Each structure stands twice: as structure tokens, then as C-alpha cells.
K.L.:
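One structure follows; several queries about it will come next.
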Amino acid sequence: MLKPDWLRVKAPQRERIGEVADLLLDLKLNTVCQEASCPNIGECFAGGTATFLIMGPGCTRACPYCDIDFDKSVRALDPTEPQRLGEAVARLGLRHVVITSVNRDDLDDGGASQFVACIEQVRQRSPLTTIELLIPDFCGNWEALAAVMDGAPDVLNHNIETVPRLYRKARPQGIYERSLELLRRVRQGWPRVYSKSGLMVGLGETDAEVLSVLADLQQHQVDIVTIGQYLSPGPKHLPVDRFVTPEQFERFRSHGEAELGFLQVVSTPLTRSSYHAGEVQRLMAQHPR
């Protein structure tokens, strides 16, 4: 299936990636931008931003839409990773940083302690930088979630990913209701933290199913939602079922903000969960807690 014109982006050039890629190599850090083959890598790296991928690069889940390598082996955490990440944030002068991880179901706490250590290092080196975490579901380990939330991130993101009917196909080790419960617990237990979730379209869902997911997220008092077009990483991954038009993305955005009352819905073909995440600071200023 050929990509429509609205999905075509310029290939990232070395001079656009430059400083960020060199720094990541120097500090031996991973980014989801690189590992998940994000189409916005050139734009974000050129702007001096990146979403750091910790505890990777291998993931203990093999979701067929994702380009991150599968690795179910038991692996120790790298105790130097938080310090290296903190140094990267300081050297890049980031005002807002996004930290995400692979799934680490081999760890008792799913890697919650590493998230907390990364928060601490960023706060030590860059106390004015706001911190957004994009976390896995921790297999429903709510003590692990509490440990992360007690680290006081500014934004907590957990992606719902797709509609419930497609979970068995696209997210076989995930549970739709468990992800919703995580988001509910975040809102109820830590009401000052901004909550966020995202989903892909083009996997075989209907527009009505997308609207139903938005209603579920609204009922769980999520603040920010991102919606983007699924792009298959390769022939071994799930194929694209349809290309959603920019006009339909705009309808999703309008419905979410005007009808459901989300603080923000970012909905475009190239939207990814951490794309233009720095705009969250503007949103936080407009809606202080």
C-alpha cells in the first residue's frame, strides 16, 4: 500500500541529526526515535530534542506493530544509565525531557526503580527541566506504579495503543482494562500530575471505535491524548490497514477537545506520543495545578 502525500517526510540528513546523535553515541544512550524508526527523527533531533529509551534496547514483549528488538532474557539494570541520562539532558539544555522504556517483564518491579533514579538525576542536574514519563503497564504491579509516581514526574504517559478489539492481534501481552486502570490510579492517587495517553490508527479499527476509546480515556480523566497514523516498520510486522486522512484526524481532535473536554488532543498523521512534547509546558502554564 503506497503512502499518500501527506505522510511523506524528508529523509533525515546527517547535518540535521548532528549534535544529538553524537551526544547519544558518546554517552551510550538509546532513544525511541532511533530504536522505533520514528518518522520525525530528523525534525526532533535538529531541534535538540529526543525521547530517551531506558533499560533497552531489547524488549520482553514482541508486539507485532513495533520495531524495537525482542529480548526475553533476564538482564541486570545498568546502574550508570541514570547518571548518563542526566548528563545528556544537562548538556542538551532541555527544558522538557521525555523518558520511556522497553517492557522489562523480567524484573520484579518492571524497571520502576530505574525510572525513579532517572528522575532524581535529571532533577539534580537540571532542576528547571520538566519531566514526562512514558511507562509500560508493569503487568499490573501497582506498587511499582506508586514508586514511579512518588518520584513526582510532571507528566505521566501510558499509551492505550489501539482499540480493545485489536488487542489480541496488536498487543497480545497487554490488557485494555489494565491500561485504563493504570491511568485511573494515576489521576486518583496523584491529581497534580498531568496524565496522557495515545493510540495508533490504521491497524483495522473503525472511526467509531476510536471515538469509543476517546470516551473511555475521558471517563478516566486523562488530560492529553495523541493520535497518529500507524506505519508498518517492515514485512514481518502488521500491515497498514488504511491511511486515515488529515481531515479525519482533525475531526478526532475537534471531538476530543470540544465534545469530550480533553486539555489537548494532538491528532495528525505523523503524531507520535512524544512528538512536540515540549508544548506540554505551555499547557501546564495555561492549566496550572
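A quick note: this is a predicted structure, and the numbers were derived from the prediction, not measured.
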K.L.:
Does Leu283 belong to the same Ile/Leu/Val/Met/Phe/Trp/Tyr cluster as Tyr194, with side-chain heavy atoms less than 4.5 Å apart forming each link?
P.N.:
yes

K.L.:
Show the numbers, then the answer: is there a salt bridge (charged side-chain N to carboxylate O under 4.0 Å, His left out) between Arg84 and Glu81?
P.N.:
CA-CA 5 Å; Arg84 289 184 281 111; Glu81 183 176 54; 5.2 Å; no

K.L.:
Apply the test side-chain contact (heavy atoms from CB on, under 4.5 Å) to residues Arg187 and Val222: give CA-CA distance (whole Å), side-chain angles for both, the deciding distance (0.1 Å), then the verdict.
P.N.:
CA-CA 8 Å; Arg187 169 56 63 242; Val222 171; over 6 Å; no

K.L.:
Taking the side chain as C-beta and beyond, is there a heavy-atom pair between Leu7 and Phe243 under 4.5 Å?
P.N.:
yes

K.L.:
Are Met200 and Val210 co-members of a hydrophobic cluster defined by side-chain heavy atoms under 4.5 Å apart?
P.N.:
yes

K.L.:
Has the side chain of Arg104 got a donor or acceptor atom that lies under 3.5 Å from a matching backbone atom of Met55?
P.N.:
yes

K.L.:
Could you check whether any side-chain N or O of Gln264 sits under 3.5 Å from a backbone N or O of Ile224, counting only pairs where one atom can act as donor and the other as acceptor?
P.N.:
no

K.L.:
Does the pair Arg178/Glu181 count as a salt bridge with the N-to-O cut at 4.0 Å?
P.N.:
no

K.L.:
Counting C-beta onward and ignoring hydrogens, is there a side-chain heavy-atom pair between Asp154 and His96 closer than 4.5 Å?
P.N.:
no

K.L.:
Is there a path of hydrophobic side-chain contacts, each under 4.5 Å between heavy atoms of I/L/V/M/F/W/Y residues, joining Ile54 to Leu94?
P.N.:
yes

K.L.:
Rounded to the nearest 0.5 Å, what's the gap from CZ on Phe252 to CG on Leu211? Could you check?
P.N.:
6.0 Å

K.L.:
Report yes or no: does His237 contribute a side-chain atom to a donor-acceptor pair with the main-chain N or O of Tyr65 at less than 3.5 Å?
P.N.:
no

K.L.:
Can you confirm whether more than 12 heavy atoms, excluding those of Glu143, are under 6.0 Å from its CD atom?
P.N.:
no

K.L.:
Quick one: closest heavy-atom pair of Pro136 and Val102, and the distance?
P.N.:
CG-O, 4.5 Å

K.L.:
Can you tell me if Asp69 uses its side chain to pair, donor with acceptor, with the backbone of Gly58 under 3.5 Å?
P.N.:
no

K.L.:
Any donor and acceptor pair, going by atom type alone, linking the side chain of Asp137 with main-chain N or O of Gly174 inside 3.5 Å?
P.N.:
no

K.L.:
Taking all heavy atoms of Gln173 and all of Thr60, pick out the closest pair and write down the distance.
P.N.:
NE2-O, 3.9 Å

K.L.:
Is there a side-chain contact between Ile99 and Phe115, using heavy atoms and a 4.5 Å cut-off?
P.N.:
yes

K.L.:
If every non-hydrogen atom of Cys118 is compared with every non-hydrogen atom of Leu85, which pair is closest and at what distance?
P.N.:
SG-CD1, 4.2 Å

K.L.:
Would Ser179 and Arg171 count as having a side-chain donor-acceptor pair, cut-off 3.5 Å?
P.N.:
yes

K.L.:
Please name the pair of heavy atoms, one in Thr162 and one in Val213, separated by the smallest distance, quoted to 0.1 Å.
P.N.:
O-CG2, 4.4 Å

K.L.:
Got a second to check how far Leu180's CG is from His220's NE2, nearest 0.5 Å?
P.N.:
4.5 Å

K.L.:
After noting the C-alpha distance and the side-chain angles of Val98 and Val155, does the key distance pass the side-chain contact (heavy atoms from CB on, under 4.5 Å) rule?
P.N.:
CA-CA 9 Å; Val98 182; Val155 181; over 6 Å; no

K.L.:
In this structure, are over 12 heavy atoms from other groups packed under 6.0 Å from Asp108 atom CG?
P.N.:
no

K.L.:
Can you tell me how far apart CG (Asn141) and CG (Leu107) are? Round to the nearest 0.5 Å.
P.N.:
11.0 Å

K.L.:
Once rounded to the nearest 0.5 Å, what's the spacing between atom CD1 of Ile160 and atom OH of Tyr167?
P.N.:
4.0 Å

K.L.:
Do you know which two heavy atoms are closest between Pro82 and Pro79, and how far apart they sit?
P.N.:
CD-O, 3.6 Å

K.L.:
Any donor-acceptor pair under 3.5 Å linking the side chain of Gln281 with the backbone of Arg95?
P.N.:
yes

K.L.:
Please answer whether the main-chain N or O of Thr206 pairs with a side-chain N or O of Glu209 as donor and acceptor at a distance below 3.5 Å.
P.N.:
yes

K.L.:
Same cluster or not: are Val122 and Leu134 linked, directly or through other Ile, Leu, Val, Met, Phe, Trp or Tyr residues, by side-chain heavy atoms under 4.5 angstrom apart?
P.N.:
no

K.L.:
How long is the span from the OG atom in Ser126 to the CZ atom in Arg91, to the nearest 0.5 Å?
P.N.:
12.0 Å

K.L.:
Report yes if the side chains of Val163 and Leu203 come closer than 4.5 Å at any heavy-atom pair, otherwise no.
P.N.:
no

K.L.:
What do the steps show when you test Glu247 against Arg251 for salt bridge (charged side-chain N to carboxylate O under 4.0 Å, His left out), and what is the final call?
P.N.:
CA-CA 6 Å; Glu247 292 76 17; Arg251 285 191 283 270; over 6 Å; no

K.L.:
For the atom pair CZ (Arg185) and CH2 (Trp190), what is the distance rounded to the nearest 0.5 Å?
P.N.:
8.5 Å

K.L.:
Show the nearest heavy-atom pair for residues Arg123 and Ala152, with the distance to one decimal.
P.N.:
NH2-O, 2.9 Å

K.L.:
State, with a plain yes or no, whether a side-chain heavy atom of Arg272 is found less than 4.5 Å away from one of Leu231.
P.N.:
yes

K.L.:
Is there a side-chain contact between Val89 and Arg125 in this structure, where contact means two heavy atoms from C-beta onward sitting under 4.5 Å apart?
P.N.:
no

K.L.:
With a 3.5 Å distance limit and no angle check, can you tell me whether Gln218 reaches the backbone of Phe262 through a side-chain donor-acceptor pair?
P.N.:
no

K.L.:
Is it true that atom CZ of Arg192 has more than 12 heavy atoms of other residues, nucleotides or ligands lying nearer than 6.0 Å?
P.N.:
no

K.L.:
For a 4.5 angstrom cut-off between non-hydrogen side-chain atoms, does Phe249 reach Val201?
P.N.:
yes

K.L.:
Is the backbone of His158 close enough, under 3.5 Å, to the side chain of Ser197 for a donor and an acceptor to pair up by distance?
P.N.:
yes

K.L.:
Could you go through Phe138 and Asp109, starting from their C-alpha distance and side-chain angles, then the distance that decides it, and tell me whether this counts as side-chain contact (heavy atoms from CB on, under 4.5 Å)?
P.N.:
CA-CA 7 Å; Phe138 297 128; Asp109 70 348; over 6 Å; no

K.L.:
Does Val240 offer a backbone N or O that forms a donor-acceptor pair with the side chain of Ser232 under 3.5 Å?
P.N.:
no

K.L.:
Test side-chain contact (heavy atoms from CB on, under 4.5 Å) on Leu166 and Glu205; report intermediate values, then the result.
P.N.:
CA-CA 7 Å; Leu166 297 179; Glu205 75 295 322; 4.1 Å; yes

K.L.:
Can you confirm whether Ile227 sits close enough to Leu214 that some side-chain heavy atom of one is under 4.5 Å from a side-chain heavy atom of the other?
P.N.:
yes

K.L.:
Begin from the C-alpha positions of Lys72 and Asp105 and carry the test salt bridge (charged side-chain N to carboxylate O under 4.0 Å, His left out) through to its verdict.
P.N.:
CA-CA 8 Å; Lys72 64 179 181 179; Asp105 297 337; over 6 Å; no

K.L.:
Do Val186 and Trp142 share a hydrophobic cluster (ILVMFWY, side-chain heavy atoms under 4.5 Å, transitive)?
P.N.:
yes

K.L.:
What I want to check is whether the side chains of Gln188 and Arg184 have a donor and an acceptor closer together than 3.5 Å.
P.N.:
yes

